[in-house]
Amino acid sequence: MLDQEHSHMGHGPLQSSAPTPPPVDISQDVPMHLPTEETQARAPGPTRSTTMDVNARSEQVDVPETPSDLLDQGPCEVERDPEGGLWFFLIDAVEDDRASPPRVYLFGKVKVRSGSAEAYRSCCLVVEKLERCFHLLLKVEDPSDYESAKIAANAAAVELETLRKEKFQNLKVIRSKLKYRNYAFEKPLGQALGNLPFLKVVCEAAGSVPPVGLAGDNFTHSFGIQASLLERLLLTRRLMGPSWYRLHPDSFKEEPARLSHCATEFRITPASIQVPKTETEKTQWNSRMPASSPPLRVLSVSLQTFQQTAQLSHEVLAIGCSLHPTVSADASASESDLENSRRTWAAIRRLDANPFPRDADKALAAGGFHSYNNELALLNAFLLKVQEFDPDVIAGHNVFSVDLDVLSSRLHQLKVQNWHRLGRLRRSKDRVPRNEGRQAQGFWAGTSLAAGRLVCDTALQAKDLLPKLGCYDLANLAKEQLGSTDVKIVEPEAIAEYYDSARSLLNLLQLKTVDAYCIARIAHSLQILPLTRQLTCLAGNLWNGSLQNKRAERNELLLCHEFHSKKFVLPDKESLSQKKRRLQIEGGQGISAGFDEPDEPEAQATGSRKGKVAYSGGLVLEPQAGLYDDLVMLLDFNSLYPSIIQEYNICFTTVDRPDENEVAKMTSEAQLLSQTREPDGAEEGILPQVLRRLVDSRRVVKASMKSEKNPKILQMLEIRQKALKLTANSMYGCLGFQNSRFHAKPLAALITAKGREALQSTKTVVQQELQLEVVYGDTDSVFVNSKTADFQKAMHIAEQIKRAVNKRYRRLEIEIDAVFVRLMLLKKKKYAALKVVNWEKKLFEQELKGLDIVRRDWCGLAKEMGEAILTKILDPNMNKEESIEWVHQFLSEQAKKMDDGQVPLDKFVITKGLTKDPKDYPDAKKQPHVQVALRLLSRGKQVRPGQEIGYVVCDTTGEGEGKSLLAERARDPHEMELDPTLCLDMAWYKKHQVHPIIARILGVVEGTSRGRIAECLGMDAAIFAQVVQHEEGEGLDFLSQYMDADPNALFDRSLRYKNFSSILDGVKCKKCGGTTPWQRLLTPSTGEEPKQAPPFTCKDCQAQIQPGVARNQWHRQLRQLVKQHCEGWVQPADQVAGTEKTRRANKGDNLVSEQTVKKELQFAAHLCESAALLTAEEDAALQTALARMKKDADAWMKIGCQHFIDCGQMFGAIFGTPLLGTLHQ
RNA sequence: ACAGGAAGCGG
DNA sequence: ATTACTATAGCCGCTTCCTGT
Ligand SMILES: [Mg+2]
Ligand SMILES: [Mg+2]
């Protein structure tokens, strides 16, 4: 395992070879709470009973509510080991280098004994007597000449002292000495890299620091001048993440002046922290270390905010908390650690100056809730609660971007003195950290406001851990992850109503409480704390960094630890201004720095991705599109890039490459690659070593998982395995990351180049050695057509390929990933397949990659239709003709459901993410999701970058101008419910959602066509529009036509139609299924049996018929009418195609005569006119629907009967040959 | 067809 | 009591849609 090979990789319990921590003994950690202030939480969901073999102790979970709670306030004795050493579990660290003396605060937990009971308490170690350390590269002829290096070192020391007296007297040098160190990074030294002589200078942290670029007569470069105190502490004391660390006996003491809010506090120096010197020493201490991590106290929070006006910032209205005193930082197989001693706390304030409703205070108190007169009192109560509970973890949904942002803003605005009680650092003299107008202030505020505690954002983590989810709001997450529908979204409009009664206030607080509880459960179920802890222990960064998903930071610290321990001088961290300055200097000397313009502040993200592409990545083979019936094998290199790093020994120390200045001057990638040479027989580099260790550890973990039965340990191994994989895989990406301290473009480019080479040669091997066809491949995989339907044969071939490829490499390894019984290959990165799970049992599994149906920016209806069709097409038991037949029928049915309004609203929602603040979009007017986001903002909802915006597309015909931008027709689904005049644009959904998706899928399928698909879907609106436009040359304003209508003329016509009996079906009621004729629906008071009923009601059940639904059915039936007329002329398939003449000659035989059509259309138009006059003008919903219905009828009449036949052709060939030319002789 | 913009899948 | 200050973000490849010329 990892730790066996690398002693410095930490000594946390999870590195030990016996990963079996005893169960956390909950009864020893006594929760703090005041019974009067907290309510015993009731789980909203079904309580989970543990069926697994959870140790007996978790049964006695209910901690007796003894007065021992009081012990937490009283004195307690911190437990020491027999020698007097102190074990400390590290959680967070903060640096304050402007204090005097400069300090680092280490926050964590210690074991205490109060009376006879054992428990854990928060602890702050205040580290003083810190040192800085920098290295000066000595100017020597021959670096390997030790004697001359010694002389140079002395000279440099003298020179430094002279410089100090002249320029930086405050530098307090403690000692300096000649040291040989390695250097292998991108900053050029003007000499060969390798083991070089440096003057190592150690100085007091309190003093000032020399300027960054310091150089002199005896030294050419300086390193580490700006390194932070915390970083040095982490590296020198080898602090590898959240684990137990031992303080030497008598190396820590208490001071009366407290600097933290922690239960215990000690002053220490860096040397107090024990660092095992040897492997045996480490093993010894590991066996004495506390066997498991301490239980963590988690406070999850849900804020209800609200906005007085759109200009003002959000205020805090109510706060719900869920308190969990014994959450495990290792894996947990059940929720028992979450449920132990769980409490809730919730409070609300007045909305405005008005008092709470009658009896509200009493009712709230009875429910265990608190009420306050204003925001200040509410916030103070919350801070008090936080301090009292002293959480190790504050969890929330969007806690960075929303909660902490709002809190810091309000604490600042209201000048709350106790703001720092949110964290563990006493800072009564400081002001609330607040950076108005800066971005990502939530992140900054988070680290600053809650110093000493972990901040866990479930939204942030869910995006990473559940990447396939479309929407990450709390309600959806609770549904998907917990199966809970308890989370309800509070719409801004509804807030005031909650203040109407004591009961509704209670409801609001209960909602917030449930939110908070769900947040805790989600964090638990995603195993956020255990996973981030593992990642942190592997990299040796801060836990809070891992909780923010800062991969680059993780990788950076991993490499810092690694190179530091191998006696390397580390590359300096470059600030933004330093980097700019360097690029200017270097760019100015060179030839314009190649492609990089002297560009000014960020050439603002092209696409949603920032910056341009710096070098080429993976190779993607051209797919041979089609539907495959033979077995296709998928072979895939496992962990391609980590393997390549090992295979070719790619490292800073091994690859001969251009330095950063030379790289900046490169004009092409070919040039870069030609000057980058892979090593030849060199010693194994650091990167390959690290990766080998990670990969080997993972192999061990996976092996032990096979025999492990205990679910809790299994879970822990699974998490560890995952962390190892994530760490290995993030190495390559960080090499190519421009802002990384270890950025090395030549190495990154070399790795991908080797990847392309591997794929290309694999393809060649398959084609030439095995004479097989590679139908596709992406970066690390090949799809090989086996040209057989015999599974055993295919597997045999696959094994052959595997052997042929693998014999070419040491570390690279290709494996058989899958055998597909069906494969539909559409485009690069887009395919659907049926994977063989068990050939004998004929068990298959669908695999969908990249298709529209896996993307959230297509509506659910279109995706579901696409998936249903795809399933049929891929079905190996299905006859091809049959499945096509089925598809056509399915499409027609679905289209009818759409028209009949039988498809629920949520199936029409399209989701798109905001990549920036809505205000920052340059052309917001053209983007539907931005428009909707702005509408949400104006309703008082919070909208932030990264948020998903769901919208639907409405038909806005009749509202203002004829043409309207798509973006203007997009609406939040919730608005549909608020405004009944809104109506989904079915024609748009058919044309722009359903049709494209279906057409692309069926594009490689025989026996259908785009036109046929369109026909099944009943798409014709587009053609109407074209036809009408062509004839009229302008749009028609149907609404104004109504206004001008002559009532008398209308009356005449009413008489004319008195006995007219329409053959149109009428509207089908969604409720009872009964059909109401159009005349009865639109003008109930006319017709043969006049009724005094309101319009738009069902004749059978009197239910309201939605105008939008009626219109869609109307549209469909008129179209059906014309189609029937046309089909009267369509010749049977076996006859020779007729000419126009022969069809016209048969006119009289048509079942639906031209006369009938004309009469029906006239009647239809008449009905609309009459109905419009009978309807109040204010009823916008009805008027709009009627306008659209009349437009439908008029559109057909405009085309005219002599053209119906030509239209008939259109039905079958909407997307085929040009239409308009043939329409009018 | 070109340009600009926006999506987020894939490895 | 008020003010100024700090700084972060894995990589690349590919398809599709919208608006405007
Ligand atoms: Mg792979
Ligand atoms: Mg792959």
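Numbers restart at 1 for each chain; the letters A, B, ... are given by sequence-line order, proteins then strands.
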*Starting at NZ of K573(A) and ending at C1' of dT6(C), how long is that distance when rounded to a whole Å?*
13 Å
*Scan A552(A) against the nucleic acid and name what it touches under 4.0 Å (heavy atoms): base, sugar-phosphate only, or nothing.*
sugar-phosphate
*When you check every protein heavy atom under 4.0 Å of nucleotides 15-21 of chain C, what one-letter string (B, S, -) results, 5' to 3'?*
SSSSSS-
_Tell me every residue that passes salt bridge (charged side-chain N to carboxylate O under 4.0 Å, His left out) with K829(A), counting only those two or more places apart in sequence or in another chain._
D778(A)
*Contact class for Y641(A) (heavy atom, under 4.0 Å): base, sugar-phosphate, or nothing?*
nothing
_Taking 4.0 Å as the cut-off, does a side-chain nitrogen or oxygen of K849(A) come that near to OP1 or OP2 on G11(B)?_
yes
_Interatomic distance where CG belongs to L557(A) and P belongs to dG10(C) [whole Å]_ = 14 Å
*Atom-pair distance (CZ on R609(A); P on G10(B)), nearest Å*: 13 Å
_D920(A) CG to G5(B) P, straight-line distance once rounded to whole Å_ = 15 Å
*For E553(A), all residues meeting salt bridge (charged side-chain N to carboxylate O under 4.0 Å, His left out), sequence neighbours excluded*: K550(A)
*Please state how far atom CD in Q927(A) lies from atom P in G4(B), giving the value in whole angstrom units.*
15 Å
*asked:* Would you say S575(A) places a side-chain N or O within less than 4.0 Å of OP1 or OP2 belonging to dT6(C)?
replied: no
*L759(A) CG to G11(B) C1': how many Å, rounded?*
11 Å
*Which of these nucleotides, G11(B), dA9(C), dC12(C), is closest to any side-chain atom of D778(A)?*
G11(B)
*Does the base of dG10(C) carry an N or O that pairs as donor and acceptor with the side chain of R554(A) under 3.5 Å?*
no
*Between atom CG in L621(A) and atom P in G10(B), what is the gap in whole Å?*
18 Å
_Any residue in residues 726-742 of chain A with a heavy atom nearer than 4.0 angstrom to DNA chain C? Just list them by number, or reply none._
Y732(A), G733(A), G736(A), F737(A)
*Under 4.0 Å between a side-chain N/O of Y615(A) and OP1 or OP2 of dG13(C), yes or no?*
no
*Those residues that, when tested against Y641(A), pass ring pair (Phe, Tyr, Trp, His ring centres under 6.0 Å) (two or more places apart)*: Y732(A)
*Between dC12(C), dC5(C), A7(B), which one does the side chain of A614(A) approach most closely?*
dC12(C)
_Could you check whether S616(A) and E669(A), counting side-chain N and O atoms only, form a donor-acceptor pair closer than 3.5 Å?_
yes
*Sequence neighbours left out, what passes salt bridge (charged side-chain N to carboxylate O under 4.0 Å, His left out) with K827(A)? Give chain and number order.*
none
_Sugar-phosphate, base or nothing in reach of R431(A), heavy atoms under 4.0 Å_ = base
*Is any side-chain heavy atom of L687(A) closer than 4.5 Å to a side-chain heavy atom of L559(A)?*
yes
_salt bridge (charged side-chain N to carboxylate O under 4.0 Å, His left out) partners for R935(A), two or more places apart_ = E975(A)
*NA contact type, V930(A), heavy-atom cut-off 4.0 Å: base, sugar-phosphate, or nothing?*
nothing
*Does the side chain of Y921(A) come under 3.5 Å of the side chain of T915(A) through a donor N or O and an acceptor N or O?*
yes
Got a list of side-chain donor-acceptor pairs under 3.5 Å for residues 464-473 of chain A, not counting sequence neighbours?
residue : atom : partner : partner atom : Å
Y472(A) : OH   : L466(A) : O            : 2.6
Y472(A) : OH   : P467(A) : O            : 3.3
Y472(A) : OH   : L469(A) : O            : 3.1
D473(A) : OD1  : A475(A) : N            : 3.4
D473(A) : OD1  : N476(A) : N            : 2.9

*Using the test side chain to side chain donor-acceptor pair (under 3.5 Å), find all partners of H929(A) that sit at least two apart in sequence or belong to another chain.*
none
*asked:* What is the separation between atom CD on E847(A) and atom P on G11(B), rounded to the nearest whole Å?
replied: 8 Å
